[in-house]
There are 2 protein chains.
Amino acid sequence: MKRKKPTIHEVAARAGVGLGTVSRVLNNHPAVRPETRVRVLRAIEELGYTPNPHARRIAGGRSYTVSVLLPFVATEFYRRLIEGVEGVLLEKRYDLALFPILSQARLKRYLESTTLAYLTDGLILASYDLTEHFEGGRLPTDRPVVLVDAKSPRYDSVYLDNHLGGRLAGEYLARFPGAIFAIKVEEEPDKAFRHTVFSERMAGFLEALAAQGRPFPKEHLFVTRLSPEGGRLALRYFLEKASPPLNVFAGADQVALGVLEEAERLGLTPGKEVRVLGFDGHPFAEEVGLSTIAQPVEAMGARAAQLLLERMEGYKGPPREVRFEPLLIERASTATPPSAPYVP
Amino acid sequence: MKRKKPTIHEVAARAGVGLGTVSRVLNNHPAVRPETRVRVLRAIEELGYTPNPHARRIAGGRSYTVSVLLPFVATEFYRRLIEGVEGVLLEKRYDLALFPILSQARLKRYLESTTLAYLTDGLILASYDLTEHFEGGRLPTDRPVVLVDAKSPRYDSVYLDNHLGGRLAGEYLARFPGAIFAIKVEEEPDKAFRHTVFSERMAGFLEALAAQGRPFPKEHLFVTRLSPEGGRLALRYFLEKASPPLNVFAGADQVALGVLEEAERLGLTPGKEVRVLGFDGHPFAEEVGLSTIAQPVEAMGARAAQLLLERMEGYKGPPREVRFEPLLIERASTATPPSAPYVP
DNA sequence: CTGAAAGCGCTTACAG
DNA sequence: CTGAAAGCGCTTACAG
């Protein structure tokens with residue numbers, strides 16, 4: 001019942017050309033007469049033909065698929081990142097295969113020659129600190145590699161300046177009266193991925209506070225795992241330390257969401273009694289009126305894909321480093337701040 | 001610097017046989033003399049040869065890789081499930097490729113003929129309710145398919161009896177004096193995967209309680225997302241409703257962990273003032289002394305892999321349904337219960 | 001039991 | 001610009 005997939009031969013026959021010509025239009029080879037190209041394209045369309053990636057790979061060409069290796073943590077961040085990567089890849093008719101890395105061992109296996117990931121045309125590696133795990137910070141693959149949400153001296157990399165984001169947050173919250181609190185997301189040290197973004201954000205935040213002469217007692221920091229419930233717990237904890245108005249920097253939107261939820265539950269008005277500033281700029285932040293330090297995750301993913309595309313086309317230059325800057329977005333959860341820093 | 005991968009030709013030359021013979025030992029064809037087989041195996045070993053899956057697939061054989069499609073939620077459950085699947089697949093020299101399903105659209109793309117997942121020898125689909133999304137509950141692929149953590153009339157499936165697990169939990173907790181509480185994990189309805197396991201657990205739990213004549217007021221239920229912090233919030237909430245001893249059924253180990261954390265923080269002794277029963281039997285539960293309704297996740301994964309292997313070898317029988325039963329494991333978090341149900 | 005040949009679906013020089 | 005041929009790394013009948 002399932003018709004066999006058409007091959008390049010059928011396309012050639014239907015278009016009345018040799019199969020070399022079909023291959024040429026498939027690979028965008030310039031040496032094809034426009035009319036011929038159209039004929040072939042039509043035949044492809046009519047037959048619903050799609051080239052077999054295995055055959056392409058075997059014949060020495062590309063398989064037109066890219067591997068994206070990412071940590072086994074399913075957050076909005078990675079969803080957006082993938083969306084960005086996918087956008088530019090699909091446009092270039094590349095397929096992408098996601099490889100969640102559950103463990104160090106698994107990453108190594110992915111890179112082995114037996115493996116599907118290995119047979120792909122290029123790799124995008126997210127949030128992974130290479131220098132930690134591979135000698136010379138060099139991956140055991142001969143495919144082009146691009147890092148995203150990470151840096152490396154050996155590969156193209158695309159990342160956000162998280163420290164700057166933290167600073168922006170600090171400078172902003174310092175303009176409000178009331179005690180300042182912060183929630184830091186815990187980084188799990190035993191995981192294959194070393195994620196330091198949360199520490200960087202907090203470091204920038206504290207630095208900015210200090211620069212404004214705004215004190216930040218140790219007890220004003222709450223550490224939790226990445227979850228809204230963590231934000232809820234944090235707010236309860238903060239309310240034991242000081243009375244409203246409170247200014248809370250949550251290291252991630254997801255946690256900030258919990259702060260908002262709990263504020264509402266306690267009858268505290270966001271932007272007034274409890275000011276909350278998130279980090280990430282995820283779509284849901286807009287829905288709930290959350291002020292946030294936004295990172296252009298999709299754009300970062302797209303940029304990474306472009307860099308990889310260039311490498312796959314043969315670009316040989318030295319490693320490139322693309323730094324993205326976060327942006328403060330004001331919404332109801334902080335309302336409008338005074339224009340100058342608050343002086344107690 | 002990177003030596004080219006050896007091919008079947010080099011193996012044949014080194015072993016002094018034809019390449020057809022090499023292929024035969026690769027595919028475990030019986031018609032090979034033992035001595036020849038050994039010679040070939042040695043050559044393979046010495047050369048570090050690994051067959052190219054693309055070439056195998058193209059030549060009409062198998063690619064020896066299996067796709068595992070799973071929701072984009074990175075929990076311990078899926079980690080264990082993959083471990084189980086991987087164990088039996090690797091033994092049979094199969095590679096597995098994980099495909100996290102971020103959206104409905106993506107699942108459909110995975111199944112398309114352009115896609116890597118499609119070119120694989122078989123599919124394992126986790127936690128996905130087919131009937132919801134595909135007409136006739138039939139996937140658009142001609143590869144063998146096995147479901148795990150889900151049921152279907154059309155495909156082999158492997159699942160846990162979550163309702164029974166809930167019942168076990170109810171019967172067990174009903175043996176203790178003190179108020180009974182429960183935490184239910186929220187199921188996100190908008191996700192591609194419809195997860196009803198938490199509802200099933202809770203249904204079984206309430207049923208058992210009713211059967212024991214043990215009342216369960218509505219306010220004794222706390223709903224949260226899957227996170228330890230959810231458990232911490234829940235315990236605080238419960239303590240407003242009743243004084244110790246409390247008996248808490250947490251719908252998932254991860255949530256139960258938070259209950260334990262918060263109990264400790266509040267100076268309440270687990271197994272005495274606060275009794276906690278989890279669900280899942282994850283490895284960390286043992287470390288923290290958490291009583292739990294354990295599910296043999298690795299075994300479920302392994303079984304699914306076996307069923308798929310049989311299908312890939314050509315088994316044509318009707319869909320098989322494998323039901324696993326959960327097991328109560330007692331640890332310090334509940335201590336030893338009275339042998340008979342508690343009668344107020 | 002084993003070798004040589006044909007073929008899988010493609011790409012890429014090679015000649016026109 | 002285009003066709004026919006060789007070749008990619010394998011598997012699978014086909015003959016011995």
Side-chain angles (χ1 to χ4, degrees), chain A residues 3-41 43-44 47-65 93 95 113-114 116 118-119 121 312 314, chain B residues 4-41 43-44 47-65 93 95 113-116 118-119 121 312 314:
Chain A
R3 209 197 263 84
K4 237 176 113 285
K5 291 195 60 184
T7 73
I8 200 171
H9 289 96
E10 280 128 79
V11 176
R14 178 176 260 260
V17 299
L19 76 178
T21 300
V22 176
S23 179
R24 268 172 222 119
V25 349
L26 249 25
N27 294 290
N28 277 314
H29 194 101
V32 179
R33 201 154 33 120
E35 303 95 275
T36 328
R37 175 179 302 278
V38 174
R39 276 228 309 289
V40 172
L41 254 17
I44 287 176
L47 257 28
Y49 166 77
T50 60
N52 180 323
H54 284 163
R56 292 184 122 174
R57 183 42 114 186
I58 237 13
R62 307 187 190 151
S63 65
Y64 283 90
T65 105
R93 327 242 71 205
D95 184 34
S113 53
T114 342
L116 217 53
Y118 179 85
L119 296 166
D121 300 333
M312 294 189 306
Chain B
K4 237 175 112 291
K5 290 196 61 185
T7 74
I8 200 173
H9 289 96
E10 280 129 79
V11 176
R14 178 175 260 259
V17 298
L19 75 178
T21 301
V22 176
S23 179
R24 268 171 223 119
V25 349
L26 249 25
N27 294 289
N28 278 314
H29 194 102
V32 179
R33 202 159 28 126
E35 302 95 276
T36 327
R37 175 181 300 278
V38 173
R39 277 226 311 289
V40 172
L41 254 17
I44 288 177
L47 257 28
Y49 167 78
T50 59
N52 181 323
H54 285 163
R56 292 184 120 173
R57 184 40 114 183
I58 237 12
R62 309 187 187 150
S63 64
Y64 282 90
T65 103
R93 326 242 72 204
D95 184 35
S113 54
T114 342
T115 275
L116 217 53
Y118 178 83
L119 296 165
D121 301 332
M312 294 189 307

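In what follows, every chain begins at residue 1, and chains take the letters A, B, ... in the order their sequences are listed. Keep in mind that this is a model prediction, so the values were computed, not measured.
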Quiz item: Should B:T21 be listed as having a side-chain N or O under 4.0 Å from OP1 or OP2 of C:dG3?
Solution: yes
Quiz item: B:I58 has an atom CD1; how far is it from atom P of C:dG9, in whole Å?
Solution: 7 Å
Quiz prompt | Nucleotide D:dC10, atom C1' - distance to CZ of A:R57 in whole Å | solution = 16 Å
Self-check item: Distance in Å, B:R57 CZ paired with B:T65 OG1, rounded so as to fall on 0.5 Å steps
Solution: 8.0 Å
Exercise. Measure across A:R56 and A:S63 and return the closest heavy-atom pair with its distance rounded to 0.1 Å.
Key: CB-CA, 4.5 Å
Quiz item: What integer distance in Å separates A:N52:CG from D:dC8:C1'?
Solution: 13 Å
Quiz item: Roughly how far, to the nearest 0.5 Å, is the CG atom of B:D121 from the CG atom of B:D95?
Solution: 10.5 Å
Quiz item: How many Å lie between CG on B:N28 and P on D:dT11, as a whole number?
Solution: 11 Å
Exercise. Calculate the interatomic distance between B:H9 atom NE2 and D:dT11 atom C1'; express it in whole Å.
Key: 12 Å
Exercise. With side-chain contact (heavy atoms from CB on, under 4.5 Å) as the test, would you mind laying out the steps for B:Y64 and B:L26 before giving the verdict?
Key: CA-CA 11 Å; B:Y64 282 90; B:L26 249 25; over 6 Å; no
Self-check item: A:V38 and A:L41, any side-chain heavy atoms less than 4.5 Å apart
Solution: no
Practice problem: Just do the side-chain contact (heavy atoms from CB on, under 4.5 Å) check on A:T21 and A:R33 with the steps written out, would you? | Solution: CA-CA 10 Å; A:T21 300; A:R33 201 154 33 120; over 6 Å; no
Quiz item: Base, sugar-phosphate, or nothing for B:V17, non-hydrogen atoms under 4.0 angstrom?
Solution: sugar-phosphate
Practice problem: Rounded off to whole Å, could you give me the CD-to-P distance for the A:E10 and C:dG9 pair? | Solution: 8 Å
Practice problem: Strictly below 4.0 Å, heavy-atom distances to any atom of DNA chain C: list the hits from residues 32-41 of chain A, or just say none. | Solution: none
Quiz item: What closest approach, in Å, do A:I8 and A:S23 show between heavy atoms, and which atom pair accounts for it?
Solution: CD1-N, 3.9 Å
Grab the N/O contacts between the protein and nucleotides 12-15 of chain C below 3.5 Å, and write none if there aren't any.
unit_1 : atom_1 : unit_2 : atom_2 : d
C:dA13 : N6     : A:R24  : NH2    : 2.9

Quiz item: Is B:N27 reaching over with its side chain to a backbone N or O of B:H29, donor-acceptor style, under 3.5 angstrom?
Solution: no
Quiz item: Using Watson-Crick and G-U wobble pairs whose two distances are both under 3.5 Å, how do you write the pairing of DNA chain C as dot-bracket, with | for links to another strand?
Solution: |||.||||||||.|||
Quiz item: Whole-Å distance between D:dC10 C1' and B:I44 CD1?
Solution: 13 Å
Self-check item: B:A15 to B:V40 - nearest heavy-atom pair and separation
Solution: CB-CA, 3.9 Å
Quiz item: Is B:V22 close to B:E10 at the side-chain level, that is, under 4.5 Å between some pair of heavy atoms?
Solution: no
Quiz item: When the distance from CD1 of B:I8 to C1' of D:dG7 is rounded to whole Å, what number comes out?
Solution: 16 Å
Quiz item: Which part of the nucleic acid, if any, lies within contact of B:Y49, taking any heavy atom under 4.0 Å across all strands shown: a base, the sugar-phosphate backbone alone, or nothing?
Solution: sugar-phosphate
Exercise. Measure across A:G16 and A:R39 and return the closest heavy-atom pair with its distance rounded to 0.1 Å.
Key: O-NH2, 3.8 Å
